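One structure is given below, encoded as structure tokens.
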Amino acid sequence: MSKEITSRAADYSQWYNDLVLKGGLADYSAVRGCMVIKPYGFALWENMRDALDKMFKDTGHVNAYFPLFIPKSFLSKEAAHVEGFAKECAVVTHYRLKNDPGGAGLVVDPEAKLEEELIVRPTSETIIWNTYKDWIQSHRDLPLLINQWANVVRWEMRTRLFLRTAEFLWQEGHTAHATREEAIIEAEKMLEVYATFAEEFMAVPVIRGVKTASERFAGAEETYCIEAMMQDGKALQAGTSHFLGQNFAKAFDVKFSNRENQLEYVWATSWGVSTRLVGALVMAHSDDSGLILPPRIAPWQVVIVPIYKGEDQKKLIDDKVKAITDELKALGIRVKYDDNDNARPGWKFAEYELKGVPVRLAIGARDLEQGVVEVARRDTKEKNVVKLEGISGYVAQLLEEIQTYMYNKAKAFRDERITPADHWDEFVRLLDEKGGFIAAHWDGTAATEEAIKEKTKATIRCIPLQNTKEEGKCIFSGAPSTQRVLFARAY
RNA sequence: CGGGAGGUAGUUCAGCCCGGUAGAAUACCUGGUUUGGGACCAGGGGGUCGCAGGUUCGAAUCCUGUCCUCCCGACCA
């Protein structure tokens, strides 16, 4: 016995915390609302980051880096933007400490007050558009397709590991275009990149949609989103892409000369995903034994555990494992050989299940004699004895199979939790008893949306793209509606 | 930010009500036996009791303040 995990049924929140902490992804820190991402969790994030970074580059984007600090005056230039972020900003007011003459230790030096206070970026639109003003003169400078990997700070009242922390890591893309159409295409394209990443790498199915006006990004004309379904029936926004119109161009006076030599405001997008995706990954797939990580982004795809009596057997196994790991590595498979003699096999089995390693190979003297190895897959917990000959090919194929299985399982779960509702009683009952997305008609007003939220805590997660049009009556007001939207309680 | 719970060894926790110089399990170290689902025996090391004040001859224990975490709520791309 050692690392007990709270079951999902007993306490879903605690289960999630247990997995993150005991699975070695992150720790709490001495700073309120901030976490330490541990090496195993960071390796997972690095794999996600690398895959996304490649996708951004493949779609023509380049990376750059803008300052952590934003002059306070910048934030207030776009009215909706300041409204949305002002309440959760960390502010730098001084630039020096000194020893208190009264002996109270280090104190802020009141004489070192900043002329203009600096905001720790909650997002970088303002500092970036202030810069773009200098970079864009002509239509020949467009489109400008830039991404940055950075940390941001949002002073949240209530935090949860990965899902909502005061400081988090993310990427933010900021692009500038000559036309409205081109900017919209960009925002939609990047949403599709996110959706592809979530589905193909994280094995998390997502719904592509647009946000309602009240859920829209502060300063955007349209916010596109991908929404995922967690195992407790709550929705989680996994990524957003915004069509910013000319709002920031106007706020920061960014104009370009078109082909007719007329000055026009630039059209903009921004888009981001964060370490919150790690939380989504945990809650979408894992079980009561621990994490279940999809092979394409798992830090270790395969772990090999030797089982032996005495040094002689150990040597024989070591030799065989060396051959196997060489084969696996040649196929680009990330493999760990755990021959630590301090822990026994049973302990290791439990440990790597907790850590969600997709495939485990156990190999002992008996196996060597018979030329076989025990292969255990984390997702289904199936165990098979497989011939050592051709094992690398078998494992490579198994990893693919696990990736597909995890996606299909999550998709079946998600699809089963999209339920249509046509009456208010049914809507409320579904939310309480079943959870998930509820597809219902909505009259399109913010007042109705707000009233539903107040009564049920459910919000409109999105209006799905390519939604089928359908005449109906609003679930709440009874007013006419042309399509169903997806409601859910959300993280 | 409001309500509740908590912070004592690396970890999980007992001790606190009723003040008297800190304990268990596990982990760790040494030696040995072990190794196919979280091993066993023997010996050993490890804690300014979150932090800062106060009361007291004496504080993990009582009082005040403060920091951090969890749960619920308010708030929140």
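Note: hydrogens, waters and symmetry copies are ignored here, and every other heavy atom, side chains too, is used. Proteins get letters first, then strands, A, B, ... in listed order; numbering begins at 1 in each. Bear in mind that the values here come from a model prediction, so they are computed numbers and not experimental data.
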Residues [X], [Y]: salt bridge by 4.0 Å N-O rule:
{"X": "A:R208", "Y": "A:E199", "answer": "yes"}
{"X": "A:K315", "Y": "A:D319", "answer": "no"}
{"X": "A:R417", "Y": "A:D232", "answer": "no"}

Given [options], identify the nucleotide with an atom nearest to the side chain of [X].
{"X": "A:A350", "options": "B:G73, B:C70, B:G37", "answer": "B:G37"}
{"X": "A:Q14", "options": "B:C70, B:G37, B:U35", "answer": "B:C70"}
{"X": "A:N17", "options": "B:G37, B:G36, B:C70", "answer": "B:C70"}
{"X": "A:M157", "options": "B:A74, B:C72, B:U69", "answer": "B:A74"}
{"X": "A:E351", "options": "B:U35, B:G38, B:C1", "answer": "B:G38"}

Donor-acceptor contact below 3.5 Å, side chain [X] vs main chain [Y]:
{"X": "A:H81", "Y": "A:A218", "result": "yes"}
{"X": "A:E227", "Y": "A:I207", "result": "no"}
{"X": "A:Q171", "Y": "A:V273", "result": "yes"}

> If you measure from NZ on A:K189 to CG on A:L145, what distance do you get to the nearest 0.5 Å?
Replying inline: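 Spacing of NZ (A:K189) from CG (A:L145) equals 7.0 Å.
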
> Residues in salt bridge (Lys or Arg N to Asp or Glu O under 4.0 Å) with A:E172, at least two apart?
Replying inline: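 For A:E172, no residue satisfies salt bridge (Lys or Arg N to Asp or Glu O under 4.0 Å) once neighbours in sequence are set aside.
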
>> According to salt bridge (Lys or Arg N to Asp or Glu O under 4.0 Å), who are the partners of A:R121, at least two apart in sequence or on a separate chain?
In response: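 So A:R121 forms no salt bridge (Lys or Arg N to Asp or Glu O under 4.0 Å) with any residue.
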
>> Which label fits A:W170 and A:F168: parallel for a plane angle under 30°, tilted from 30 to 60°, or perpendicular past 60°?
In response: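 Because their plane-to-plane angle is over 60°, the rings of A:W170 and A:F168 count as perpendicular.
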
How would you label the contact of [X] with the nucleic acid (heavy atoms, under 4.0 Å): base, sugar-phosphate, or nothing?
{"X": "A:S13", "value": "sugar-phosphate"}
{"X": "A:A218", "value": "nothing"}
{"X": "A:R360", "value": "base"}
{"X": "A:E374", "value": "base"}
{"X": "A:E353", "value": "base"}
{"X": "A:G219", "value": "nothing"}
{"X": "A:D341", "value": "base"}
{"X": "A:A365", "value": "base"}
{"X": "A:K87", "value": "sugar-phosphate"}
{"X": "A:W170", "value": "base"}
{"X": "A:F168", "value": "base"}

With rounding to the closest Å, how many angstrom separate the [atom1] atoms on [N] and [M]?
{"N": "B:G32", "M": "B:A24", "atom1": "C1'", "answer": "26 Å"}
{"N": "B:C40", "M": "B:U21", "atom1": "C1'", "answer": "36 Å"}
{"N": "B:G50", "M": "B:C16", "atom1": "P", "answer": "15 Å"}

With a cut-off of less than 4.0 Å, is there a side-chain N or O of [X] near OP1 or OP2 of [N]?
{"X": "A:K457", "N": "B:C76", "value": "no"}
{"X": "A:R32", "N": "B:C68", "value": "yes"}
{"X": "A:R344", "N": "B:G36", "value": "yes"}
{"X": "A:R158", "N": "B:C72", "value": "yes"}

>> With the threshold set at under 4.0 Å for non-hydrogen atoms, list the residues of residues 183-195 of chain A touching RNA chain B in residue-number order.
In response: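 Within this stretch, nothing sits under 4.0 Å of the strand.
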
>> Can you list, in residue-number order, the parts of residues 304-314 of chain A that come under 4.0 Å of RNA chain B, counting heavy atoms only?
In response: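 Only A:I307, A:Y308, A:K309 qualify.
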
>> Would the base of B:G36 count as contacting A:K348 through its side chain, where contact means a donor and an acceptor less than 3.5 Å apart?
In response: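 Side chain to base: no pair below 3.5 Å.
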
> Is B:A25 paired to anything, Watson-Crick or G-U wobble with both distances less than 3.5 Å, and if yes, which nucleotide?
Replying inline: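 Looking at the geometry, B:A25 pairs with B:U11.
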
> Which residue lies toward the 5' end of RNA chain B, A:L368 or A:V152, if each is placed at its nearest nucleotide?
Replying inline: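 Residue closer to the 5' terminus by nearest nucleotide: A:L368.
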
> Hey, which of these two, A:I363 or A:F217, hits RNA chain B nearer its 5' end, going by closest nucleotide?
Replying inline: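 In this pair, the answer is A:I363.
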
>> Taking side chain to side chain contact (heavy atoms under 4.5 Å, CB included) as the definition, give me every residue that meets it alongside A:D432, ordered by chain and number, with sequence neighbours left out.
In response: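 Applying side chain to side chain contact (heavy atoms under 4.5 Å, CB included) to A:D432 gives A:V428, A:R489.
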
>> Just to verify, what does A:S76 make a side chain to side chain contact (heavy atoms under 4.5 Å, CB included) with, not counting sequence neighbours?
In response: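 Partners of A:S76 under the side chain to side chain contact (heavy atoms under 4.5 Å, CB included) test: A:V82.
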
> Could you state the CZ-P distance from A:F349 to B:U35, rounded to the nearest angstrom?
Replying inline: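 Taking atom P of B:U35 as the reference, CZ of A:F349 is at 14 Å.
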
